[in-house]
Amino acid sequence: RVMMTIQQASLKKILSELENLSKNDKEKFEKFVELFNPQIKEGLLSDWQNRDALLGLVRYKSTGADGWTSLADYKTRAGERKTIYYITGGKEEQLRASPLLESFASRGIEVLIGPDEIDELVFSNLGDYQGMSFKSVNHIDSEDELDIHTEQSEDDKATGKAAVEALTRILGDKIKSARVSKRLQKSPSCVVMDKDDPTLQYSEMMQRLMNMEMPAAKPILEVNPAHPLVKRLAQLEGQRKLVSAAASGGKGDGTVAQGQDGQAQTSKYQIDKDEADIANILLDEALLVESPKYVDTAAFLERLNRQLSQR
């Protein structure tokens, strides 16, 4: 017990000195952060007695500031907003380029970058910070507080509906569901996880730590109806329905249909093949952003080359 008391007193002294360093010599403190930031994060998981001090010391890269930023600085820049947004699951450069950030960037909402494997575990266990909750942009509910009310044209609504129907039918149990995205502005697709499901990386990390197989949660595929690739999928879905209607209407062979764009007749076999290619390309492209290990790259390139050769 005496040793524990001495240990805690020594630790508090060290943390106090580090806090002073962070205020009085930013350059020297950032050198410390470069070396020991992961250990500070580990402390947030194991040392609840010094949680507040560690929260003051931990640093993150951010979409809203150059260099390292503290949670206190994020809170100041957030103004009246009560949510700290973060993204995890890869290297910093990869996370900064994620399509999940498109709507946040356009609205000037800062997102913390968590490139360390431990980051998701830390964030999910922090609870709150001075009245601010933490929310992962990797999850579907991250858009709830963004006040996204994007007006879609009737064409985009029809495109989105047809594309979602095709994706749901073709991809089946590869995904949890498909939906039209509110967060995408440039990219054709992205994957997010349901509110209470772990991310792909988190599931993989827990399997490794626990040394046991865990059922992997399936991603939700979101698509951008304004993107040409999604429009093409919707067009093919419309052609497929025309073929099916023609076949059931007595034409018998069901092999041809007149495309909406006035192109020549297309075989049902080719429509099905093209639809399957594009649906899987949309999923694989979104998964590639997460990590190449989630994608059969040979199959992805084969589908991509097959579609490019038709252009």
Side-chain angles (χ1 to χ4, degrees), residues 7 11-12 14-15 18-19 21-22 29-65 67-75 83-98 100-101 104 110-130 132-139 141-142 191-217 219 287 289-294:
Q7 183 183 24
L11 181 57
K12 287 183 181 297
I14 292 171
L15 294 176
L18 287 172
E19 181 182 0
L21 184 65
S22 70
F29 180 73
E30 288 188 350
K31 290 181 180 178
F32 169 83
V33 169
E34 292 282 356
L35 294 172
F36 297 108
N37 207 40
Q39 284 72 31
I40 297 175
K41 295 173 183 178
E42 289 175 10
L44 286 168
L45 287 175
S46 59
D47 188 358
W48 285 91
Q49 189 171 348
N50 294 296
R51 176 180 182 273
D52 290 343
L54 292 168
L55 283 172
L57 295 174
V58 72
R59 294 293 186 268
Y60 287 97
K61 295 296 181 66
S62 166
T63 62
W68 295 101
T69 193
S70 66
L71 296 178
D73 288 339
Y74 183 104
K75 186 177 188 297
T83 304
I84 297 175
Y85 291 101
Y86 65 91
I87 183 171
T88 58
K91 296 180 179 179
E92 181 184 345
E93 297 78 10
Q94 173 190 345
L95 295 177
R96 287 187 182 277
S98 172
L100 298 176
L101 298 181
F104 291 88
E110 183 174 358
V111 178
L112 295 180
I113 308 294
D116 294 330
E117 188 177 49
I118 197 174
D119 279 318
E120 186 170 355
L121 192 58
V122 173
F123 278 125
S124 61
N125 283 277
L126 283 180
D128 65 77
Y129 172 77
Q130 297 182 5
M132 299 187 76
S133 60
F134 291 88
K135 183 164 286 189
S136 168
V137 305
N138 303 76
H139 284 84
D141 61 331
S142 63
V191 289
V192 292
M193 305 306 294
D194 213 349
K195 181 179 179 180
D196 298 317
D197 287 343
T199 64
L200 300 173
Q201 295 87 352
Y202 185 86
S203 295
E204 184 179 336
M205 179 179 67
M206 293 308 295
Q207 284 187 39
R208 191 168 62 254
L209 291 175
M210 299 175 68
N211 196 28
M212 62 180 292
E213 287 293 323
M214 296 177 62
L287 289 172
V289 174
E290 300 294 311
S291 175
K293 61 188 171 187
Y294 301 125

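The model shown is predicted, which means the values in this text are computed figures rather than measured ones.
- In this structure, the side chains of R59 and F32 stay at 4.5 Å or more apart for every pair of heavy atoms.
- When side chains are defined from C-beta on, K61 counts as touching R96, because their heavy atoms get closer than 4.5 Å.
- Counting heavy atoms from C-beta on, the side chains of F36 and L57 never come closer than 4.5 Å.
- The salt bridge (charged side-chain N to carboxylate O under 4.0 Å, His left out) check on E110 picks up R77, with sequence neighbours excluded.
- F134 pairs in a ring-ring contact (aromatic ring centres under 6.0 Å, His included) with only one of the listed residues (F123, Y85, Y129, Y60), which is F123.
- When the shell of 6.0 Å around NZ of K12 is examined, it contains more than 12 heavy atoms from other residues, nucleotides or ligands.
- Checking side-chain atoms of S98 against main-chain N and O of L95 turns up no donor-acceptor pair under 3.5 Å.
- In this structure the side chain of L126 reaches within 4.5 angstrom of the side chain of L55, judged on heavy atoms.
- L200 is listed as a side-chain neighbour of L287, based on a closest heavy-atom distance under 4.5 Å.
- Among all heavy-atom pairs drawn from Q130 and D128, the shortest one is N-OD1, 4.0 Å.
- With rounding to the nearest 0.5 Å, the separation of CD1 in I14 from CG in N50 is 10.5 Å.
- Nearest heavy atom pair, residue S62 against residue T69, reads CB-CG2, 3.7 Å.
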Query raised in the report: Between L112 and D119, does a side chain to side chain contact (heavy atoms under 4.5 Å, CB included) hold up when you go through it step by step?
Result: CA-CA 10 Å; L112 295 180; D119 279 318; over 6 Å; no

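- Taking CD from E92 and CG from D116, the interatomic distance works out to 10.5 Å, rounded to the nearest 0.5 Å.
- The shortest distance between side-chain heavy atoms of V137 and F104 falls below 4.5 Å.
- No side-chain heavy atom of V289 sits less than 4.5 Å from a side-chain heavy atom of L100.
- With T63 contributing its side chain and V111 its backbone, the two residues share a donor-acceptor pair below 3.5 Å.
- For the pair L121 and Y202, the minimum side-chain heavy-atom distance is below 4.5 Å.
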Requested in this report: Determine, stepwise, if the pair K135 / D141 fulfils side chain to side chain contact (heavy atoms under 4.5 Å, CB included).
Outcome: CA-CA 8 Å; K135 183 164 286 189; D141 61 331; 3.9 Å; yes

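- Considering CD1 of I113 and CG of L101, their distance stands at 6.0 Å, rounded to 0.5 Å.
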Query raised in the report: Passes side chain to side chain contact (heavy atoms under 4.5 Å, CB included), M193 versus H139? Steps please.
Result: CA-CA 5 Å; M193 305 306 294; H139 284 84; 3.9 Å; yes

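- Nearest approach of A217 to S203, heavy atoms of both residues: N-OG, 4.5 Å.
- Residue L45 holds its CG atom at 4.5 Å from CD1 of I118, rounded to the nearest 0.5 Å.
- Aromatic ring centres of Y86 and Y74 lie farther apart than the 6.0 Å criterion allows.
- Taking CG of D197 as the start and NZ of K195 as the end, the distance is 12.0 Å to the nearest 0.5 Å.
- Taking each heavy atom of I40 and L54 in turn, the nearest pair found is CG2-O, 3.8 Å.
- Judged by distance alone, with hydrogens and angles left aside, the side-chain atoms of S142 form no donor-acceptor pair with the main-chain N or O of N138 at under 3.5 Å.
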